[in-house]
Amino acid sequence: MASRTVSKALIPAAGRGTRFLPFTKAVPKELAPLVTTPALELVVAEAAGVGVTDVLLVVNDEKRPAIDAYFGPDPGLEQALERKGDEKALASIKRPEQLARVAYTNQDNPRGLGHAIGCGEEFAAGEPLAVLLPDDIIDDRDALLAPMLEAYAEHGGVVIALLEVGIENISKYGAVVLADGADPDGDVVQVVDMVEKPKAEEAPSTLAVIGRYVLPPEIFDALRRTDPGAGGEIQITDAMQRLAKEGTPVHGVIFRGRRYDTGDRLDYVKAVVQLAVRHPDIGADFRAWLGEYEPEAG
Ligand code: G1P
C-alpha cells in the first residue's frame with residue numbers, strides 16, 4: 001500500500017490577481033502583506049508545521065523572480081542587519097527559506113485550479129500531495145491541515161476542508177453532498193458528490209470546499225480526464241467528483257475555526273485588520289486606536 005505520510009505540498013500562485021490591480025502589475029498578489037508577512041509565507045509555514053518538507057510553488061515567468069527572491073537568501077541584507085545587530089529582522093528574513101525546500105514550476109497558460117494542480121505530477125512522484133490555496137489563511141491557533149492528514153492516514157483517498165458558508169455565499173465555492181447518515185455536526189464526514197460554484201437555488205448544501213486539500217496520486221489521471229467546467233476552467237472539484245463516483249473515498253474535515261479570506265479586496269482589508277489586532281508589535285496600539293476610530297468622521 002502506498003505511504004499515507006504527506007511530506008509534499010503544492011501551492012498555486014500563478015493567478016493574475018486582477019482584483020488587486022494596479023498593485024499586482026508589479027508585485028505578485030501572494031506577496032501582499034498581512035501586516036508584515038505575505039500570505040504565501042503563512043501558508044508555507046502552515047504546511048511545514050504539519051511535517052511538509054517540500055513545497056512546489058506553481059508560478060509563471062513574470063511572478064517567479066519576486067517569489068524566488070522572497071524564499072531565497074539575501075546575503076547583502078543579512079550582512080547589513082547583522083552589522084546593525086537587528087536580530088529580529090534578521091530572523092524574519094531568513095525564515096521563509098528555512099521553512100521547507102521550495103521548488104517552482106511554471107503555469108504560463110493558466111487554465112484553472114485543476115490545471116495548476118496537474119502541474120505538480122512530476123513533483124508528487126506517486127506520493128500524496130497537500131494543496132494549500134494562499135487566498136485562504138487559517139488562524140495559526142486553529143488546526144485544519146493536521147486533522148486532514150489524520151483523516152488521510154485513516155481513510156486514504158481524497159480529504160477536503162469544509163466550511164459552512166450560508167446560502168448567500170455558496171455560489172463562490174465548491175459545494176458538497178454528504179453521504180447518507182453523515183453527521184454535519186461531526187468533525188470528519190464522508191462526501192459523495194460535489195459541484196463547483198452552484199447557483200444558490202441549485203446548491204446541494206451550504207457546506208463549501210475551502211482551500212486545503214489532501215490528494216492521492218490518482219488525482220492526476222482524473223485531472224487528465226476532466227474537461228473544462230465552470231468558467232471554462234479545469235476544475236479540481238470536477239476531478240475529485242470523478243474520483244468519488246469511481247469509488248475513491250472522499251472525506252471532508254469540517255472547519256469551525258478562524259479563516260481569513262484574502263481573495264477579494266474587502267476580505268483582504270478585513271484580514272489585515274483581524275491580524276493587526278493580534279500583532280505582537282502593533283496589536284495593542286491598533287486596538288486602542290480602533291476603539292476610538294469613527295468611520296463617519298474619516
Ligand atoms: C477554488 C475552488 C473552489 C473552492 C475555493 C475555495 O475556487 O475551485 O471549489 O471552494 O477555491 O477558496 P476559486 O476561489 O479559486 O475561484
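For ligands, and for the atoms within them, numbers begin at 1 and follow the listed sequence.
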Proximal ligand 1 atoms for [X], defined as those under 4.0 Å from one of its heavy atoms:
X      : answer
Gln235 : 8 (O)
Lys197 : 7 (O), 8 (O), 13 (P), 16 (O)
Leu133 : 11 (O)

On a heavy-atom basis, the closest approach of Arg225 and Glu246 is NH1-OE2, 2.8 Å
Between the side chains of Asp281 and Lys88, is the shortest nitrogen-to-carboxylate-oxygen separation below 4.0 Å, so that they form an ion pair? yes
Using a strict 4.0 Å threshold on nitrogen-to-oxygen distance, state whether Asp142 and Arg259 make a salt bridge. no
Do any nitrogen or oxygen atoms of [X] come within less than 3.5 Å of a nitrogen or oxygen of ligand 1?
X      : result
Glu196 : yes
Tyr213 : no
Thr237 : yes

Distance flag for atom 14 (O) of ligand 1, protein heavy atom under 4.0 Å: no
- Query: Just by modelled atom types, is the Thr262 backbone N or O under 3.5 Å from a matching donor or acceptor in the Lys29 side chain?
  - Reply: yes
Just to verify, what does Tyr268 make a ring pair (Phe, Tyr, Trp, His ring centres under 6.0 Å) with, not counting sequence neighbours?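 Checked Tyr268 against ring pair (Phe, Tyr, Trp, His ring centres under 6.0 Å); matches are Phe20.
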Under a side-chain separation threshold of 4.5 Å, the hydrophobic residues clustered together with Val195 are none
>> Would Lys197 and Tyr173 count as a cation-pi pair here, with the cationic atom under 6.0 angstrom from the ring centre and within 45° of the axis?
In response: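 No, Lys197 and Tyr173 do not form such a contact.
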Note: heavy atom closest to atom 5 (C) of ligand 1, options Val209, Ile170, Leu113, belongs to Val209
Tell me whether Asp136 reaches ligand 1 (any heavy atom closer than 4.0 angstrom to a ligand atom).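 True for this residue.
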